[in-house]
Amino acid sequence: GFLSDVCRQWEAAVEPAVRAGIRVVTLRIGVVLSARGGALARMLPPFLLGGGGVLGGGRQYMSWISLEDLVGLAHHAVVDERLSGPVNAVAPAAVTNREFTRTLARVLRRPAIVPVPAFALRAAVGEMADALLLASTRVASTKLADSGFVFRDADLETALRWNLGRLSNAGR
């Protein structure tokens, strides 16, 4: 699909550096959670109005990472020479769209009862709906765990609460 093609092209573009003996780390970045932009910021308005809901069947997996962990991971990839090649920049546990929807609704203290059928998503955003919203992406961050990287936001609810300002800043 579209995202796989982009990933392959990006990784092919660094092949000359790899052949030259340069350590290259290519981050395969999951859905980045930040209330300031991206996917989460776009999801907030309908959820805050009580109109959030499951996309399509809700069984599709989503591999995510908090913005704070992504920044830390990028630094880790630069300084830790044990890492090279493709690295999945995702939190330890992917969630289904249904799990994500329930968790976001719980954190916002709003209902999530308005499902968005696949045909409506396709009508709204075209074929990108299949690649970005309805496709299942369940990948693991095994290389990160093996290199000793420690996630600040390893579970979805903690990441959402932090991003949405529902946690105390103590210890952060």
Side-chain angles (χ1 to χ4, degrees), residues 1-11 26-74 86-145 149-167 172:
F2 172 76
L3 295 176
S4 298
D5 290 342
V6 169
C7 195
R8 273 192 289 276
Q9 290 175 22
W10 184 22
E11 290 170 4
T26 52
L27 298 180
R28 295 175 173 175
I29 303 171
V31 175
V32 181
L33 299 183
S34 172
R36 295 183 185 169
L40 181 58
R42 289 188 176 139
M43 289 179 215
L44 288 176
F47 273 86
L48 289 170
L49 294 171
V54 172
L55 302 180
R59 291 180 303 276
Q60 66 274 27
Y61 274 87
M62 175 177 132
S63 296
W64 61 274
I65 187 168
S66 71
L67 180 58
E68 291 78 10
D69 276 337
L70 179 58
V71 171
L73 186 155
V87 173
N88 293 325
V90 296
V95 295
T96 65
N97 178 261
R98 185 171 308 284
E99 291 171 276
F100 183 88
T101 299
R102 285 182 183 154
T103 305
L104 181 57
R106 182 173 53 254
V107 167
L108 293 173
R109 296 186 179 136
R110 297 288 197 275
I113 56 174
V114 183
V116 183
F119 76 85
L121 291 169
R122 289 183 188 108
V125 295
E127 60 187 57
M128 289 306 288
D130 289 308
L132 299 177
L133 303 172
L134 299 170
S136 197
T137 308
R138 186 178 190 182
V139 296
S141 52
T142 308
K143 279 188 178 180
L144 290 176
F149 181 77
V150 177
F151 285 88
R152 288 172 36 152
D153 299 314
D155 71 277
L156 180 62
E157 187 162 342
T158 300
L160 289 172
R161 287 192 185 282
W162 173 252
N163 269 283
L164 299 172
R166 303 248 187 244
L167 283 180
R172 289 294 225 165

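Scope of the values below: all heavy atoms of this structure, side chains included, with no hydrogens, waters or symmetry mates. For clarity, every value in this text was computed on a predicted model and none was experimentally measured.
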Shortest non-hydrogen contact from [X] toward [Y]:
X	Y	value
Ala112	Thr101	CB-CG2, 3.6 Å
Ala159	Ser66	CB-CB, 4.3 Å
Ser63	Ala94	OG-CB, 3.7 Å
Phe151	Val90	CZ-O, 3.1 Å
Pro45	Arg42	CD-O, 3.6 Å
Ala35	Leu44	CB-CD1, 4.2 Å

Identify, with sequence neighbours excluded, every residue that meets salt bridge (Lys or Arg N to Asp or Glu O under 4.0 Å) alongside Arg28.
->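 For Arg28, the residues satisfying salt bridge (Lys or Arg N to Asp or Glu O under 4.0 Å) (neighbours in sequence not counted) are Glu11.
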Evaluation steps, side chain to side chain contact (heavy atoms under 4.5 Å, CB included), between Val87 and Leu144 = CA-CA 7 Å; Val87 173; Leu144 290 176; 3.7 Å; yes
Considering residues, nucleotides and ligands other than Arg106, do more than 12 of their heavy atoms fall under 6.0 Å from its CZ?
->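 Yes, the 6.0 Å shell around CZ holds more than 12 heavy atoms from other groups.
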Gap between atom [atom2] of [Y] and atom [atom1] of [X] - 0.5 Å precision:
X	Y	atom1	atom2	answer
Leu156	Met62	CG	CE	6.5 Å
Glu68	Leu33	CD	CG	9.5 Å
Leu27	Asn88	CG	CG	9.5 Å
Leu73	Phe149	CG	CZ	4.5 Å
Thr103	Leu108	OG1	CG	11.0 Å
Asp69	Asp153	CG	CG	5.0 Å

Keeping the roles fixed (side chain from [X], backbone from [Y]), state whether a donor-acceptor pair exists under 3.5 Å.
X	Y	result
Gln9	Cys7	no
Asn97	Leu55	yes
Arg98	Gly57	yes
Trp10	Asp5	no

Side-chain heavy atoms of Val31 within contact of Leu40, under 4.5 Å =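 No; the side chains remain at least 4.5 Å from each other.
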Are any of the side-chain heavy atoms of Tyr61 and Thr96 separated by less than 4.5 Å?
->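 In contact.
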